[in-house]
2 protein chains.
Amino acid sequence: MSHVGYGCLMAVDRSHVLRSAAALLTRKSTSTMDEVAKAAGISRATLHRQFAGRDALVRALEELGIEECEAALDAARLDEGSASDAVRRLVREIEPAAGLLSFLYTENQLFEGEQQNEGWARLDARISALFRRGQESGEFRIDLTPAWLTEALFALIASCAWVVLNGKVAAKDFHHMIVELLLGGALRRES
Amino acid sequence: MSHVGYGCLMAVDRSHVLRSAAALLTRKSTSTMDEVAKAAGISRATLHRQFAGRDALVRALEELGIEECEAALDAARLDEGSASDAVRRLVREIEPAAGLLSFLYTENQLFEGEQQNEGWARLDARISALFRRGQESGEFRIDLTPAWLTEALFALIASCAWVVLNGKVAAKDFHHMIVELLLGGALRRES
DNA sequence: CTTGAGTGAGACACTCATGTCTCATGTGGG
DNA sequence: CCCACATGAGACATGAGTGTCTCACTCAAG
């Protein structure tokens with residue numbers, strides 16, 4: 001059953017390599033294939049056998065990040081309860097992927113001309129819908145567009161992940177800092 | 001008076017080159033020295049004569065960004081009036097530099113090990129002091145640290161500059177989107 | 001007109017990450 | 001035991017960006 005063992009090992013290794021790469025690239029986004037390989041405990045040759053090149057690796061990380069985000073959105077049950085509670089759940093669920101998102105967030109700006117992965121558009125749409133729902137229910141103010149609130153959410157998540165990594169903010173405050181700052185602005189003030 | 005003409009021309013050209021480079025690198029942060037030169041309407045040789053290398057160029061842009069920020073802070077008179085008004089003035093004054101800041105914001109994460117320009121620390125300190133003043137005066141909530149509010153402000157500015165560049169947000173809404181989102185969170189709610 | 005400084009164009013070598021290749025190892029299954 | 005296969009180590013070529021240099025041109029000042 002060589003193909004079973006093969007498949008299993010590949011799957012395990014691939015996942016492990018992706019994790020290591022994500023962790024490393026989060027800290028140093030310019031790491032070389034050599035460094036990524038070392039970090040994963042494998043040789044550059046093996047890394048190259050699993051990912052055709054640096055592009056393929058980054059694309060795979062992008063896929064991973066999108067999958068984790070979508071899983072977080074699912075787990076957060078954005079349609080249930082108040083929109084603010086949904087946002088709280090979302091930030092809670094997405095926190096483990098924050099580091100990876102921080103990397104992809106800056107990396108995506110480099111793709112410039114090339115087409116973006118459609119996954120981001122799907123995520124954007126789902127989160128925008130959440131903010132729109134909050135606006136329509138009267139929870140959120142309407143002078144801040146859903147598109148901007150979505151972008152701001154990602155920006156705050158990436159930024160917070162970065163400052164946590166640098167020790168400027170305690171990791172346990174991640175959720176509080178993001179949610180309170182974002183919702184305070186998105187929530188309509190009770191006058 | 002060759003040295004006068006020399007000095008004048010260099011000053012003018014240097015500024016113009018920096019502007020072009022900032023504009024280009026804001027859109028495509030991986031632009032080549034060749035592209036930067038083309039964008040400035042000069043040859044790569046001349047570009048090299050003014051800036052020893054890519055590093056020197058980025059450093060110069062960093063200096064420019066810091067200078068513009070400090071000028072904005074000065075013009076915003078952070079010590080006068082309410083802290084929220086000071087924040088509004090700050091965002092207003094800093095808007096012209098937002099694109100450049102967006103570039104430097106992501107670029108700085110690449111410096112990784114190397115030492116950061118002390119200018120950023122000065123800016124951080126001044127803005128943090130503003131948020132602290134707002135907290136002490138009772139305007140801002142105290143569960144969000146000044147350090148985080150400062151980081152969030154920069155993140156929102158960079159992010160908003162980016163989405164404006166991509167047409168997701170109208171340029172005229174730049175100030176409103178940032179200030180309203182940030183202050184809504186930073187301001188203590190009137191219950 | 002002549003001179004000189006600044007410039008543009010291009011050639012050149014160098015560095016570095018990347019991608020591809022080969023070969024020896026060793027490990028697990030038949 | 002033997003074989004297949006994944007791996008690690010390393011050599012090698014490639015391409016891109018960079019830094020340096022030379023040379024011819026232009027234009028303004030003397």
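Reminder, nothing fancy here: chain letters follow the sequence lines and each chain counts from 1.
- Between the C1' atom of C:dT18 and the CG atom of A:Asp55 lies a distance of 11 Å, rounded to the nearest Å.
- Annotation for A:Ala60 and A:Arg14: closest pair CB-NH2, 3.9 Å, computed over non-hydrogen atoms.
- When atom types are taken as modelled, the side chain of B:Ser20 and the backbone of B:His16 share a donor-acceptor pair closer than 3.5 angstrom.
- The nearest whole Å value for the distance from the NE2 atom in A:His48 to the C1' atom in D:dG10 is 15 Å.
- At whole-Å resolution of the value, CE in B:Met33 and P in D:dG17 are 13 Å apart.
- As a whole-Å value, the separation of A:Asp34 CG from C:dT15 P is 18 Å.
- The backbone N or O of A:Met177 lies less than 3.5 Å from a partner atom in the side chain of B:Trp148, making a donor-acceptor pair.
- As rounded to whole Å, 18 Å separates atom C1' of C:dT7 from atom CZ of B:Arg14.
- For the helix from C:dC1-D:dG30 to C:dG30-D:dC1, the axis fitted to the five pairs at one end and the axis fitted to the five pairs at the other end meet at an angle of 10° (nearest 10 degrees).
- Atom CD of B:Gln50 and atom P of C:dG8 are 9 Å apart (whole Å).
- When the shell of 6.0 Å around CZ of A:Arg92 is examined, it contains 12 or fewer heavy atoms from other residues, nucleotides or ligands.
- In this model, a side-chain donor or acceptor of A:Arg49 finds a partner on the base of D:dG8 within 3.5 Å.
- Contact check, A:Thr46 against D:dG8: a side-chain N or O comes under 4.0 Å of OP1 or OP2.
- One can place NZ of A:Lys38 at 13 Å from P of C:dA17, the figure rounded to the nearest angstrom.
- Under the 30°/60° scheme for interplanar angles, the aromatic rings of B:Phe154 and B:Trp120 are found to stand perpendicular.
- If you measure from atom CZ of A:Arg54 to atom P of C:dA17, you get 10 Å, rounded to the nearest angstrom.
- For B:Arg44 against D:dG19, a side-chain-to-base donor-acceptor contact under 3.5 Å is present.
- Neither side chain, B:Thr106 nor A:Thr106, offers a donor N or O lying under 3.5 Å from an acceptor on the other.
- The nearest heavy atom of DNA chain D to A:Gly41 and to B:Gly53 marks one nucleotide each, and the one closer to the 5' end goes with A:Gly41.
- Put simply, the side chain of A:Arg77 never gets that close to the backbone of A:Ala86: no donor and acceptor are under 3.5 Å apart.
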